[in-house]
Amino acid sequence: MSAPPSESERRGAAPSLERLLIFAIGGQEFAIPIEPIVEIVRHRPPTPVPGADPSVEGILPLRGRMVTVIDGRRRLGLDDHERAGRAQVIVMEDAGEWVGLVVDAVARVAAVASAERQPLPAALGLARPGLYGGALRREGGYVVLLDLARMLQAER
Amino acid sequence: MTDDRGERPDRERLERDFFPEAEEILDGLGAGIRDLETSLASGRAGPERINALFRLAHSLKGLAGMAGLQPLSDLTHDLEDLLDGLRLGRIGLGPAAIALMQEAVDALFRMARELAASGAASLDVAPLRQRLCGLEALPPPAAAPGLTLDPGLRAALTEYEEHRLLENMRGGRSIFLVRLSLDPGGFDRGLHRVLEILGGRGEVISTGPDAAGGPGDGMRFILLLASEAPEAALAESLREFTATIEAVRSPEGPLEDAAGGGAADATVEELKGFSTSLRVPVARLDEVLVQVGDLSIALAALEGAAARAHDSHPGDREVREIDRQVRALLPRLRVLQRSTVGTRLAPLERIFGRLGPMVGRMAREAGKEVALHALGGETEIDKALMDGLASPLVQLLRNALGHGIEPPDERERAGKPRRGRLVLSAFRKANSVVVDVIDDGRGISTAAVRASAEAAGLVAPGRALSDVEAWEMIFAPGFSTASRVSQVAGRGVGLDLVRRSIRRLKGAIEARSVAGRGATFTLTLPITLALVQALIVRACGQRFAIPVASVRENLRLEASRLRREGRREMYDHPLGSLPLVRLEALIPGAPEAPPGGQRFAVVAGSPGRHVGIVIDGFVGQQEVVIKPVGRRLRDLPGLAGATDLGDATAVLVLDPEALAGEEKGERAAV
């Protein structure tokens, strides 16, 4: 599902617009602000850590640091089915630490005006509604805005 | 070192604790005053400059006071007073005040340099101090023409805010009253944002709750703003908020001429520094260590590539040369890595020195007579570990004073000197630092420990306790809570917490005692958590690192010696029964060990609490940089961190101490 870019997406970032990274997990498009993003890397199996949250896939070394890798599917309560071969890890800085979110595919960067945000349509039927901060209407469907702070919080 | 260090010059202490920071502050003061001077000449002497100088002077006063440098502290105090007067507008800011401040900073520099050179400051600063205090005060602020601010609001301003208001009016800026209503749910964030916006367009003189009704129905605030921006522009900048803006004074030209304003083009002599050390934030050292570690990983990858090229082109001279050169780089990088870690180390003397006076005070409070002897203060340890060590050491000393050392009369009756003896001794042992806390008090009575352990339900009634078991029992969590009983036993107050803090530092603590003669608490800590020798092993399809410091031996497991005890797996070791830990059990979905395969165990942990970690094989031994795993994972038991051995895969570093603890915990639960 790849919507054609809207007017504002094509124009790029004007000062009043927020820049978002749009990516897909399980056939649904999601978006997060680009500011905390450090790097996007190809997914490779991280080292599992005993006793970790079920949504924590493990840890991965990157540029001299350890990245805690969070499985986007499991975190969002989506089907845990076979991951596509081109999965990517969005590495973000969170309070001085690096956290990676595994997504099926990174789509694009978009500039979005705050007026475009709207409440999450119930019709999307997403599990764990607490993780979302609204949605953007796009041709062909919705892009769901993730509440990053909640998303990266430990489950327990 | 001993606590009676009358002979010992404090030169070293000053060099370490005072000079570097004092030099930094004095440099800051000197630069700040020069800056103030130029800004005054251009008519823009902002309040934040004076505030910054005031804070610097305040820090220096505290620093000098702590170092016991009274003359320096006194002079700084007067400088601080002068700056306070300036920021409150009690004293006019002009060339006279600036010259005096420069003179004071210069004198402070000279005193510090004299101290650094000869250990004493002879400079007489009394005349200067008199002149500092003698600067003429300004008359109290007069009326403020053209200001239509509600008198009640104006009366609520602090002296400093009032001064800033007048100062801004003198500067010809308009004054605005901003009333704001913020959503109670996120008002702090909203307020922060508003202050940020307005701060960028002028000076927010005061912020307070709005008692009179403002707009909207949220949390109401009232702000006083000085700005050169037109009202409309300010209103526009706040359009996302519920806010009103009202000009309470328009710029009708400056109130009056600001005092002074002559640009004395004084050439301030550049002073040579007096400190030979440099203060560096630990975070910056960490960053360097990360970079060096990263470099060594890249080099390991290069080494692998060179080795493969060598294998596939065995006869090629060029390839052989590359291989050789790359290999020569590795040891040099190790040296670099080690010296980088070395910059994080600091002598234990820093806490030992602080403990001396504290013990004296605690002894007086407890009515005991004690001499503290500190040995091996020069032993170096990672700054982070040292910081973590301070409070467990204080607790151990407090216990020794409170429950170990007897009152003087009781000691006399027992044939001991009235004055008790406390020894802090530190030494380096391989990759560890060992700190002994020794007292010559009552010691740990096994019978008394047994009794209180039984009272706390830790020991079945009637079960005998060996001395070694008793020394271990005092660290049990339930034991210390029975404080009334444990005091009789001589020890045990908060010892479980002490052990927990030491374990958090990846260290161990044990107790030994001769009843009636005293007790020794031995703390073993790694020198650093940043770089450790580790055994690399293979188990359940992945590699693990185990710090060598806690490894006792490597075992080849014999099937005939394995047996089960409930849920636990035990091994009949010649030296006693050994609980086994299987890493498969910790990692869900890990492949089962191949049946009948050769298996080994690494025996690790501290004496009395060993575990055998079952592994498939050994990979090697090497120095690894332990990296934190982040707060989502760091509290998991048995995990000390992770490392990267050079193949872009994380390898978990195990913490055998904690694994052994887990094993014990399970036993209690079974």
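All chains are named by letter (A, B, ...) in the order of the sequence lines, taking the proteins before the strands, and each is independently numbered beginning at 1. What you see is a predicted model; the values in this text were computed from it and never measured.
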What's the verdict on side-chain contact (heavy atoms from CB on, under 4.5 Å) for Val629(B) and Val49(A), showing C-alpha distance, side-chain angles and the deciding distance? CA-CA 10 Å; Val629(B) 287; Val49(A) 178; 5.9 Å; no

Do Ile59(A) and Arg632(B) have side-chain heavy atoms sitting under 4.5 Å apart? no

Chain B contact via Leu62(A) - side chain, backbone, both or neither, heavy atoms under 4.5 Å: neither

Verify, without hydrogens or angle tests, whether Thr47(A) (side chain) and Ala650(B) (backbone) share a donor-acceptor contact under 3.5 angstrom. yes

Shortest non-hydrogen contact from Pro628(B) to Met66(A)? O-CB, 3.7 Å

Would you please name every residue forming a salt bridge (charged side-chain N to carboxylate O under 4.0 Å, His left out) with Arg193(B), sequence neighbours left out? Glu196(B)

Any side-chain heavy-atom pair of Lys627(B) and Pro61(A) under 4.5 Å: no

By salt bridge (charged side-chain N to carboxylate O under 4.0 Å, His left out), Glu39(A) pairs with (sequence neighbours left out) Arg63(A)

Does Arg189(B) CZ have over 12 foreign heavy atoms under 6.0 Å away? no

Quick one: CG on Leu633(B) to CG on Asp53(A), what's the gap to the nearest 0.5 Å? 8.0 Å

Can we say Asp644(B) and Arg65(A) salt-bridge, meaning some charged N sits less than 4.0 Å from an Asp/Glu carboxylate O? no

Between Val99(A) and chain B, which part of the residue has a heavy atom less than 4.5 Å away: side chain, backbone, both or neither? side chain

May I ask you to decide if Arg631(B)'s main-chain N or O and Glu97(A)'s side chain share a donor-acceptor pair within less than 3.5 Å? yes

